[in-house]
Amino acid sequence: MCRIVSGINSLQQHIATLRSRPEIYRPLRCPSCGHGVLWHHGCYSRKADRRPESMGDCLNPIPIPRYRCSSCMHSCSRLPECIPPRRWYSWLLQQQALQSLLSIYSLHGCSVALGLCRSTVRRWWNWLSSNTSTFEFFLRSRYPEWGRTSDWPPFWRTCLNCMPLSSVMAVLDRDGVAVP
Ligand SMILES: [Zn+2]
């Protein structure tokens, strides 16, 4: 899919990169028709900075550059690695919740410790569990050194010890897997 621009790990880095190298956000091909010429088409904004606005240094609204295909006129955009597509919570918080569940397996303890609603944590867990076979297939072919395990939690423990969840998702996105 290539909807994620990998290696951009913070909102500050995203804003600086937009100023200095905006071209890295431009998709190589239109996701709708495959045409290779896309025009810059303004920006839309995301409230990706979850810190309270009262702190004063809140970065919202975060601009996300948009592109329009010169052939089919479909518009599209790519997100920096630090902003998850279609999800409100940061990758980092999702990773903390998943790693907590992978080590202690307590939905209640995890939701209390991170101040999250239990249903949210359960949804992330179910998402990981139900997508594991696809994710694991692509990740293992890239990182055979992560070894073979018969069960899926040990695989994710190894994976998330080696790489942040945001980078794992960027790798899968580059391989054409739909994330999250
Ligand atoms: Zn197109």
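Nothing fancy with the numbering, it's 1 onward along the sequence. These figures come from a predicted structure and were not determined experimentally. Every number for a ligand or one of its atoms is a count from 1 in the order of the listing.
- Between Trp125 and Trp152, the ring centre distance stays below 6.0 Å.
- Looking at every heavy atom in both residues, Pro164 comes nearest to Gln95 through CA-OE1, 3.4 Å.
- When only modelled atom types and interatomic distance are considered, Ser166 and Glu81 share a side-chain donor-acceptor pair under 3.5 Å.
- Across Leu79, Ile15, Leu18, a single residue satisfies side-chain contact (heavy atoms from CB on, under 4.5 Å) together with Ile62, and that is Ile15.
- Between the side chains of His74 and Tyr67, no donor-acceptor pair of N or O atoms lies under 3.5 Å.
- Neighbouring protein atoms of the Zn ion (ligand 1) (N, O or S, distance under 2.8 Å, waters ignored): Cys30 SG, Cys33 SG, Cys69 SG, Cys72 SG.
- For the pair Arg87 and Trp127, the cation sits on the ring face: its NZ or CZ lies under 6.0 Å from the ring centre, inside 45° of the axis.
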